[in-house]
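As structure tokens, the structure follows; a few thoughts come after it.
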Protein chains: 2
Amino acid sequence: MATIKKKSLDLSTEQKIKKAALKLFTQKGFSATRTRDISDEAGINLALLNYYFRSKENLFQLVMAEILQKFFSGIIEIFNDEATSLDEKVNSFVARYTALLKEQPELPLFIFHELRLHPQKLASKIGLSKVFNSFFFKQLSAEMDRKKIAPIHPLHYVLNMIGMCVFPFIAAPLLKHIAGVDARTFETIVDERKVLVPKWMKSILNTK
Amino acid sequence: MATIKKKSLDLSTEQKIKKAALKLFTQKGFSATRTRDISDEAGINLALLNYYFRSKENLFQLVMAEILQKFFSGIIEIFNDEATSLDEKVNSFVARYTALLKEQPELPLFIFHELRLHPQKLASKIGLSKVFNSFFFKQLSAEMDRKKIAPIHPLHYVLNMIGMCVFPFIAAPLLKHIAGVDARTFETIVDERKVLVPKWMKSILNTK
DNA sequence: GTCTATAAAGTGATAGAC
DNA sequence: GTCTATCACTTTATAGAC
């Protein structure tokens, strides 16, 4: 009992602040989030936020770095795996990102929103240079060669795959609050897509 | 020469403010936009903003109403046209929204972002109740009946169609500033999709 | 490390002259 | 209608006691 693992109830002050910041930044974005909101959410004093992180901006950068790392590392990893087929990569991608997004549904809207406001500042935190000459792209080219159909720019394929996984979560507020889709139906849809998206991606490769 | 049409250079003060507000709100969102930014952009005095629109909030509501109307009226219109086939509707939708988004690429990210923050406040401004029993949905059901394949929830189909058009513009900051896709390539991709998306939508209907 | 109090700057809005 | 000046309030950040 000398050293016990940290429970969610007894986080360090620093961790409490980061957790609260993660939640509020992703929900409301950088500009709409007040440092007081964060300190309240964390259940600590406002001054402690600056004691630990110096500034709101600095706290944001730290949280953002973790989020971007978490969000994009999966793509690199899957795309560069030389042991898996194209189909397997699509399956992995869809399964992994659907799971991630069910856990943190606000992530895509948050990331793309902030990315638009500060593209330069965040660019250094994302290593995506390896994507375009990844093993995935080679496999994709080979597959299009093998078929008799007219090849498409690989970007089309990636946009479709990512978009099909991510867009439902971007459109979720619209679906739920305006189109009247209930939470139950939304979850069913998302789950069905884990099977459907890979099928559609195959049929896209066969479209002439 | 007595009455001449308004040129973009001699807009009324009220119009100048609305134009500036539209630009800045869509670029940065409500929270990150300062009323001073708007007055500067419009080339007028800050006090005039409140003289004409009473408050930032009020100006936002007005601008937002126009944006939402512009963005969603097209869907209703196309979906309820009983004179066109399913394929024609998809073609119309893709052509119309691609053109709209090439003109105002920030629209989707802005709309979905604000929609998430104030779903209730904006819900009344969007009439989407008619979508789910639209003629489009009836045609879609009929088409899936006619084919021998297992039918999918119509929401899958709509999410794919809208997502395939809209997602490239949501991902644009990522593509341009992080993945290194130049503006020229991006435009080519978007233009190619005007032809490709309808094809893919057909093949999705044939996927078993 | 944590708190209270407060400084310093930003931001929406208005009064009042022209 | 348009401007300058300014108010009232919010928000980030820090100083200093404990």
Side-chain angles (χ1 to χ4, degrees), chain A residues 3-4 6-65 110 113-114 117-118 121-122, chain B residues 3-4 6-67 110 113-114 117-118 121-122:
Chain A
T3 55
I4 48 170
K6 294 261 172 62
K7 299 283 173 55
S8 60
L9 290 173
D10 63 326
L11 296 170
S12 72
T13 300
E14 192 174 348
Q15 287 172 317
K16 275 191 235 167
I17 296 172
K18 279 181 80 170
K19 188 179 175 186
L22 172 71
K23 178 180 172 186
L24 293 178
F25 280 144
T26 51
Q27 270 178 11
K28 316 204 292 177
F30 177 78
S31 288
T33 302
R34 310 290 155 221
T35 50
R36 276 172 180 76
D37 300 339
I38 299 175
S39 63
D40 287 354
E41 172 75 28
I44 54 97
N45 190 280
L46 172 58
L48 286 176
L49 190 150
N50 291 87
Y51 173 76
Y52 281 102
F53 298 97
R54 281 203 344 268
S55 70
K56 177 189 177 184
E57 174 70 26
N58 200 50
L59 174 58
F60 177 75
Q61 293 293 335
L62 281 175
V63 169
M64 196 55 163
F110 168 67
H113 173 77
E114 298 296 338
L117 296 183
H118 326 282
K121 203 156 57 181
L122 300 176
Chain B
T3 55
I4 47 170
K6 294 262 170 63
K7 300 283 173 57
S8 60
L9 290 173
D10 63 326
L11 296 169
S12 71
T13 300
E14 193 174 347
Q15 287 171 318
K16 275 191 235 167
I17 296 172
K18 278 182 80 170
K19 189 178 174 184
L22 173 72
K23 179 180 171 186
L24 293 179
F25 280 144
T26 51
Q27 269 178 11
K28 316 204 292 176
F30 177 79
S31 288
T33 302
R34 309 293 155 220
T35 50
R36 278 169 179 78
D37 300 339
I38 299 176
S39 62
D40 287 353
E41 172 75 28
I44 53 95
N45 190 281
L46 171 59
L48 285 176
L49 191 152
N50 291 87
Y51 173 76
Y52 280 102
F53 297 97
R54 281 203 344 267
S55 71
K56 178 190 178 185
E57 173 70 27
N58 200 50
L59 174 57
F60 177 75
Q61 293 293 337
L62 281 175
V63 170
M64 197 54 162
E66 284 186 20
I67 290 176
F110 167 67
H113 174 75
E114 298 296 338
L117 296 183
H118 326 282
K121 203 155 59 179
L122 300 177

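The basis for the numbers below is simple: all heavy atoms, side chains too, and nothing from hydrogens, waters or symmetry mates. Lettering follows sequence order; numbering is per chain, from 1.
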Heavy-atom count check: over 12 atoms from other residues, nucleotides or ligands less than 6.0 Å from K28(B) NZ? yes
Send over the distance from [X] [atom1] to [N] [atom2], rounded to a whole Å.
X	N	atom1	atom2	value
R54(B)	dG1(D)	CZ	C1'	18 Å
Q15(A)	dG1(C)	CD	P	12 Å
I17(B)	dA13(C)	CD1	C1'	14 Å
R34(A)	dC9(D)	CZ	P	17 Å
L48(B)	dA13(C)	CG	P	15 Å
K28(A)	dT11(D)	NZ	C1'	13 Å
L49(A)	dG1(C)	CG	P	15 Å
I38(B)	dG12(C)	CD1	P	8 Å

Closest listed nucleotide, where the reference is the side chain of [X] and the choices are [options]:
X	options	result
N45(B)	dA13(D), dC3(C), dT4(D)	dT4(D)
N50(B)	dT14(C), dT2(C), dT11(C)	dT14(C)
K56(B)	dT2(C), dA13(C), dC3(D)	dA13(C)

Phosphate oxygens OP1/OP2 of [N]: is one of them under 4.0 Å from a side-chain N or O of [X]?
X	N	answer
Y52(B)	dG1(D)	yes
T35(A)	dA13(D)	no
R36(B)	dT11(C)	no

Could you pick out which residue, G43(B) or Y51(A), lies toward the 5' side of DNA chain D when each is mapped onto its nearest nucleotide? G43(B)
Minimum side-chain heavy-atom gap I38(A)-L59(A) below 4.5 Å: yes
Would you call F110(A) and M64(A) a side-chain contact if the rule is heavy atoms closer than 4.5 Å? yes
F60(A)-F25(A) aromatic ring centre distance below 6.0 Å: yes
By the 4.0 Å heavy-atom rule, please label T33(A) as base, sugar-phosphate, or nothing. sugar-phosphate
Sugar-phosphate, base or nothing in reach of L46(B), heavy atoms under 4.0 Å: base
Go through the steps for E57(B) and F30(B) under the test side chain to side chain contact (heavy atoms under 4.5 Å, CB included), then give the verdict. CA-CA 9 Å; E57(B) 173 70 27; F30(B) 177 79; 3.7 Å; yes
